[in-house]
Number of protein chains: 2
Amino acid sequence: MAKDRRGEQERGPALARRQTTRHSTITDVADAAGVSIKTVSRVFNDEPNVRPLTRERVLKAATDLDYHPNVAARSLAGRRSFLIGLAYENPSPNYVVDLQTGALERLQGERYRLLVLPFDDAAAASGKMQAIARASGLDGVVLAPPLCDDAATVAEMEACGLPYARIAPTSGGSHAPDVAMDDRAATRALIDHLVGLGHKRIAIVRGDPTHASAAARYDGYCAGLEAHGLAIAPELEVPGAYTFASGYEAGKTLLALGQRPTAIFASNDDMAAGVMNAIHEAGLKVPGDISVAGFDDSNIASVVWPRLTTIHQPIRDMAREATGALLALIEHEETVPHQVLPFQLVVRGSTGPAA
Amino acid sequence: MAKDRRGEQERGPALARRQTTRHSTITDVADAAGVSIKTVSRVFNDEPNVRPLTRERVLKAATDLDYHPNVAARSLAGRRSFLIGLAYENPSPNYVVDLQTGALERLQGERYRLLVLPFDDAAAASGKMQAIARASGLDGVVLAPPLCDDAATVAEMEACGLPYARIAPTSGGSHAPDVAMDDRAATRALIDHLVGLGHKRIAIVRGDPTHASAAARYDGYCAGLEAHGLAIAPELEVPGAYTFASGYEAGKTLLALGQRPTAIFASNDDMAAGVMNAIHEAGLKVPGDISVAGFDDSNIASVVWPRLTTIHQPIRDMAREATGALLALIEHEETVPHQVLPFQLVVRGSTGPAA
DNA sequence: TTGTACGCGTTATCAA
DNA sequence: TTGATAACGCGTACAA
């Protein structure tokens, strides 16, 4: 008993709103191919137990009818939305786009789509992730730093049971898969580079203390100095907030010192650009008078003058891998182990021999 | 006859996958409030004809049960996904994030969610918008430049009947609402500024010819020169591609000229940064030797040294308004008229008196 | 290897 | 102002 929907008495007033042609459904395809809807379903879900010939008939019918599975129906029946969220609170556009690009790369060719979830700060996200996820029907969430280190958010995710993965986390309390980079070792490599150029007074502009990466980079800085037998001078450590403006202020502070540093390591590129701005304003030259190094290798690093020596952080790669881990979790409920991706020291024009 | 779902014989093997608690449904709320599901539906859709008292009872029950409407079911039954796409092919992270921020601002508090749709170029998008929209079940799409000027894409959108809005379009053939800015007038304002500083040899680095904005800005440049009785010298017009690298090359070309310009207008900030890089490398000073101006007021403009004099383009505002126009189209089928948003000349350190 | 029948949680129709 | 009931299009047991 065919249900005979799709008769001539089509287009209820509410339905005829816009679409000129009714989209064909799984039933249409089944009828056209002379099979049941279950078989069509099997074909479109790559399930086994379909004869190649049958499969072809179905595919042909689908093509002829320009059939595309209805996402909403799939979601409802299958209890999954094929929607994943990317949550971040990072203020740097370069970073954000890298993040998105990486996630999207992994989703390429999959049925999953990406919803971007920007937050002003951890407080704005805290306690709301679950509600947002439910309101949007998310199947899972990728948490970028520093959100992924926010205790309240992590606790909430653990409690509500929604699959999630973290990018470059540094805090614990989570059973979620994650992809990270060794910020400490990377910073050490940068310090080694500076010391190799003859620098002995190396300053640091520290990152936003709420980002765990700030601590890791500071650790690397200290370890680097110690390894080379250099003293850690308190006046050469100035606070920052990972923003251009904070780097600019930090630069001015350092330039006002009685005995200036010969090199400044800014904990990210945005701050390094700010530092350089302050140096230029003071009429000094980079790297002639002072060398400057950043961290991230974001777009800004190759756009300022001189271009920044920095650490290339594989943000895209991390986002891609984290998304992959999330998919594995959602689809097979399997947790891929903690991954550490390699960094790269990129030497450009902003660092040179010590004066 | 209550259907008695939600009995004790819960958790089919496939269902029990993750969630510890079954989410309550509209039926649960209806039962708890002693009304029919239709009434609950009315309340949650702000439909009329519900007694205030009844409404309250429903709301109370919903709160008690932590009820949230199921997105998939809503989409299926209502034939709308509450999902809109933001399609762009812009390579500048600053621009992209502004775009997203603006769109999300408008979506704040609405039921709609945003799907980002980046494309490598117009060719990658051409002919696929409809398929993507269907595959993701989009209710509508916001097209950013230069995608919104791609003839094939526009034609496709017009043909398939999916609601869409355009940001700063310059091509025709579309009935969609759009929000724009007067690039020509803005460029004129910039030229006026330079002429006011005494410049007479003003060069232009043109934008990517596939972006219609490039032509508008060039027009403004010509109009500005003419208005001040200045000649348009062909050797002072060099091509560019809206990228940092193309600006850098253009800068070198202009510096190699027998008689150098005293000011360079780059058709966007990225190229202006490239031009400044070339000037610095040549050992010249900005603006002492040459003034440089950009267009967009993207993040890069306030991060290079000296900071760029530029045109503040209200990208966020345009994205917000375009998204609003799209919502109006989707919800009320009403096309809001073409909007033109104001620009702003931002004078910073990169322009100064002619030498 | 294939099909039947039911359920997913809403919105929409139409009657009350 | 309300409610019963039929779609919406597909996944999934279970039967064949």
Side-chain angles (χ1 to χ4, degrees), chain A residues 1-7 9-10 12-17 22-31 33-55 57-58 62 65 67-82 111 134 137, chain B residues 1-7 10 12-15 17 22-31 33-55 57-58 62 65 67-82 111 134 137:
Chain A
M1 60 181 77
K3 282 216 190 137
D4 247 18
R5 300 188 278 90
R6 221 145 314 298
Q9 73 293 22
E10 271 301 343
L15 296 186
R17 298 211 316 180
R22 283 263 59 61
H23 288 163
S24 48
T25 74
I26 197 172
T27 310
D28 301 329
V29 177
D31 290 351
V35 300
S36 75
I37 63 166
K38 176 60 204 177
T39 298
V40 178
S41 175
R42 283 196 182 92
V43 170
F44 275 85
N45 288 307
D46 290 318
E47 286 175 32
N49 296 342
V50 179
R51 247 191 328 194
L53 215 87
T54 311
R55 177 180 301 274
R57 277 223 316 282
V58 170
L65 293 169
Y67 168 72
H68 293 263
N70 179 300
V71 194
R74 278 187 147 175
S75 300
L76 182 55
R79 289 170 200 72
R80 45 229 296 272
S81 63
F82 295 102
R111 293 215 320 235
R134 247 188 100 177
Chain B
M1 61 182 76
K3 282 212 186 139
D4 247 17
R5 300 188 277 93
R6 224 146 313 299
E10 273 300 344
L15 297 186
R17 298 214 315 180
R22 281 264 60 61
H23 288 163
S24 48
T25 75
I26 197 172
T27 310
D28 302 327
V29 177
D31 290 350
V35 298
S36 77
I37 62 168
K38 178 60 203 178
T39 297
V40 177
S41 176
R42 283 196 182 91
V43 171
F44 275 85
N45 288 307
D46 290 316
E47 286 177 32
N49 297 339
V50 178
R51 249 191 326 199
L53 216 89
T54 312
R55 179 181 300 275
R57 278 223 315 283
V58 170
L65 294 169
Y67 168 72
H68 292 264
N70 178 299
V71 194
R74 278 187 145 175
S75 300
L76 181 57
R79 288 168 202 77
R80 48 230 298 277
S81 62
F82 294 100
R111 288 210 329 230
R134 255 190 91 177

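Since the structure is predicted, the reported quantities are computational estimates derived from the model, not experimental observations. Order of the sequence lines fixes the chain letters, A, B, ..., with proteins taken first and strands second; residue numbering starts at 1 for each chain.
- Closest-nucleotide positions on DNA chain C for B/I37 and A/P48 were compared, and the one nearer the 5' end corresponds to A/P48.
- At a threshold of 4.0 angstrom between heavy atoms, the contacts of B/F44 with the nucleic acid are absent.
- The base of D/dA4 lies outside donor-acceptor range of the side chain of B/K38, with no N or O pair under 3.5 Å.
- Heavy atoms only, all atoms of each residue included: B/Y67 and B/T25 are closest at CE1-C, 3.5 Å.
- Between B/N49 and the phosphate of D/dT1, there is a side-chain N or O to OP1/OP2 separation shorter than 4.0 Å.
- In this structure, A/H68 places its NE2 atom 16 Å from C1' of D/dC10, rounding to the nearest Å.
- Put simply, the side chain of A/S24 gets close to the backbone of A/L65: a donor and an acceptor are under 3.5 Å apart.
- Comparing the start and finish of the helix from C/dT1-D/dA16 to C/dA16-D/dT1, five pairs each, the helix axis swings through 30°, to the nearest 10 degrees.
- Within 3.5 Å, no donor on the side chain of A/R79 pairs with an acceptor on the base of C/dG7, nor the reverse.
- Proximity note for B/A77 (side chain, C-beta onward) versus D/dG9, C/dT2, C/dT10: the nearest is C/dT10.
- Positionally, the nearest nucleotide of DNA chain D for B/V35 lies more toward the 5' end than for the other of A/N70 and B/V35.
- For the pair A/D28 CG and D/dC8 C1', the interatomic distance rounds to 13 Å; values are reported in whole Å.
- Dashed line: the shortest gap from a side-chain N or O of B/S41 to OP1 or OP2 of C/dT10 is not under 4.0 Å.
- Between A/R74 atom CZ and C/dG9 atom P there is a gap of 19 Å when expressed in whole angstrom units.
- When side chains are defined from C-beta on, A/R57 does not count as touching A/V43, because their heavy atoms never get closer than 4.5 Å.
- Counting only residues at least two apart or on different chains, the salt bridge (Lys or Arg N to Asp or Glu O under 4.0 Å) pairs with a member in residues 42-52 of chain B are B/K38-B/E47.
- What separates CG of B/D46 from P of C/dT11 is a distance of 11 Å, to the nearest Å.
- In terms of modelled atom types and a separation under 3.5 Å, the side chain of B/S81 and the main chain of B/G137 share a donor-acceptor contact.
- Following rounding to the nearest Å, B/E47 (CD) and C/dA12 (P) show an atom-to-atom distance of 7 Å.
- Checked against C/dG3, C/dT10, C/dC8, the side chain of B/A73 finds its nearest nucleotide in C/dT10.
- Proximity note for A/T39 (side chain, C-beta onward) versus C/dT2, C/dG7, C/dG9: the nearest is C/dT2.
- Put simply, the side chain of B/T54 never gets that close to the backbone of B/V50: no donor and acceptor are under 3.5 Å apart.
- Judged by distance alone, the side chain of B/D31 and the main-chain N or O of B/D28 form no donor-acceptor pair under 3.5 Å.
- Contact of B/R51 with D/dT2 (side chain to base): no donor-acceptor pair of N or O atoms is detected under 3.5 Å.
- Contact annotation: A/S36 reaches the phosphate of C/dG3 (side-chain N/O to OP1 or OP2, under 4.0 Å).
- For D/dG11, one of the phosphate oxygens OP1 or OP2 lies less than 4.0 angstrom from a side-chain nitrogen or oxygen of A/N45.
- Remark: P of C/dG9 and CG of B/L76 are 12 Å apart, rounded to the nearest angstrom.
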Q: Run the numbers on B/S41 and B/I26 for side chain to side chain contact (heavy atoms under 4.5 Å, CB included), then give the verdict.
A: CA-CA 8 Å; B/S41 176; B/I26 197 172; 4.1 Å; yes

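- We find that CZ of A/R80 is positioned 21 Å from P of D/dG9, with the value rounded to whole Å.
- Within the 4.0 Å cut-off from OP1 or OP2 of D/dT2, at least one side-chain nitrogen or oxygen of B/T54 is found.
- Applying the 3.5 Å distance criterion, the base of D/dG11 shares no donor-acceptor pair with the side chain of A/R42.
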